[in-house]
Amino acid sequence: MKTDNLEVKKQQVFDEILERAKQKGAIKVAVAQPTDKNSLEGVIDSYQAGLIDPILVGDKEKIINCAKTLGFDISAFEIVNVPTDKEAATAAVEFATKGIAKALMKGNLHTNDIMSAVLKKEAGLRTDRSISHAFVMDIPTYHKALIIADSAINIAPNFDVKFSILQNSVILAKNLGVKIPKVAILSAVEMPYEKMPSSVEAFDLAKKANEEIKDVICYGPLAFDNAISEEAAKIKKINSPVCGDPDILIVPQIESGNILFKSLVYLAHAKVAGVVLGAKVPVILTSRADSPEARVSSSALAVLVSE
């Protein structure tokens, strides 16, 4: 079913992702400061879904009191008492450094605290790719999962960082079962235009990706309508298998990505999950606005991309 039909489909993308993750099996996840209702619920829900075996790293008294408020017995969970946020982030990351934890989860602390700990040289979690974030969207009027990157971490990525964002997103798509991901690199026009740097970068990114990344089809630049609608692309005489059928949208910068994914959530009733990629372990960034389903789905993504 293609988007031009504008038919509303049953949203089952995350049912399939959850099932795929369960088949892979639960992984050890170090959680930094799960000291409030939302963050600890995300841990509990993901544990009960059979996705994670959590190590709770943070203020032990607050964690236990929060669990009592939720009416859940966490005596089976390993708890490491580290009172402050930065120390908890560092201690959680150490579990990943030692190979004990296969993923990290942000609890009730600032994103910068945990990501700074991940990026420290001594943590040993950096790879040759830049760190980036990807949202997986289940949109009622789109026929499959749609990955949008990067809408959360890299503010104004340069060409090399954008290439890492693209690489990370392709790895995610392949772990979701997409054999040959189709990537649309977005701008506001369909041809490279010197006065619009994102369009020139999109053209160069597509060329580099098609030459250097195995089993991928990239096209750019594309305006959003021509990426999503095969009919709109035909009107503009754009001939690419990406048009109307992308698995991945690479956005020009964080503002456009943030507006895009939130528009899909709040106006198109899309379901969403997200994960941080590019380090040796994935990072689950929970948000206070996340639904319980979104938190579990984000854990499932981490399971699928973990080694």
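In the model, Q33 has no side-chain atom that pairs as donor or acceptor with a side-chain atom of N108 under 3.5 Å. Donor-acceptor pairing under 3.5 Å is recorded for the side chains of Q253 and S256. Checked by atom type, the side-chain pair H143/D245 shows a donor-acceptor distance below 3.5 Å. Side-chain N/O atoms of S198 and S187 include a donor and acceptor closer than 3.5 Å. Side chains of N168 and S132: a donor-acceptor N/O pair is present below 3.5 angstrom, by distance only. S116 and N112 share a donor-acceptor pair across their side chains, judged by distance under 3.5 Å alone.
Across all their heavy atoms, I131 and R126 have their closest contact at CG1-NE, 4.3 Å. Smallest separation of non-hydrogen atoms from A88 and G58: CB-CA, 4.1 Å. Here the closest heavy-atom approach between residue L51 and residue V296 is recorded as CD1-O, 3.5 Å. Residues I185 and A202 approach most closely at CG2-CB, 3.4 Å, considering heavy atoms. Residues S263 and I259 approach most closely at OG-O, 2.6 Å, considering heavy atoms. Closest approach of I147 to V136, counting heavy atoms only: CG1-CG2, 4.1 Å.
E307 CD: 12 or fewer foreign heavy atoms inside a 6.0 Å radius. By the 6.0 Å contact criterion, CZ on F72 is enclosed, its count of non-hydrogen atoms from other residues, nucleotides or ligands being greater than 12. Counting non-hydrogen atoms of other residues, nucleotides and ligands closer than 6.0 Å to CZ of F163 gives a total above 12.
Side-chain atoms of S199 never come within 3.5 Å of backbone atoms of P192 as a donor-acceptor pair (strictly under, hydrogens ignored).
Between D138 and K144, none of the side-chain N atoms (NZ, or NE/NH1/NH2) sits under 4.0 Å from a carboxylate O, so this pair counts as no salt bridge. Using a 4.0 Å cut-off between charged nitrogen and carboxylate oxygen, E211 and K207 count as a salt-bridge pair. Residues K162 and E201 are paired through a salt bridge, judged by an N-O separation under 4.0 Å between the basic side chain and the carboxylate.
Between the CD1 atom of I250 and the CG atom of L166 there is a distance of 4.5 Å, given to the nearest 0.5 Å. One finds the CG atom of L186 at 5.0 Å from the CG atom of L249 (value rounded to the nearest 0.5 Å). Remark: L109 CG to E87 CD distance equals 12.5 Å, nearest 0.5 Å. Put simply, NZ on K236 and CD on E190 are 3.5 Å apart, with the number rounded to the nearest 0.5 Å.
F95 and V31 are not part of a single hydrophobic cluster, where members link through side-chain heavy atoms under 4.5 Å apart.
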May I have the step-by-step check of salt bridge (charged side-chain N to carboxylate O under 4.0 Å, His left out) for K182 and D247, ending in yes or no?
CA-CA 5 Å; K182 298 174 183 176; D247 300 286; over 6 Å; no
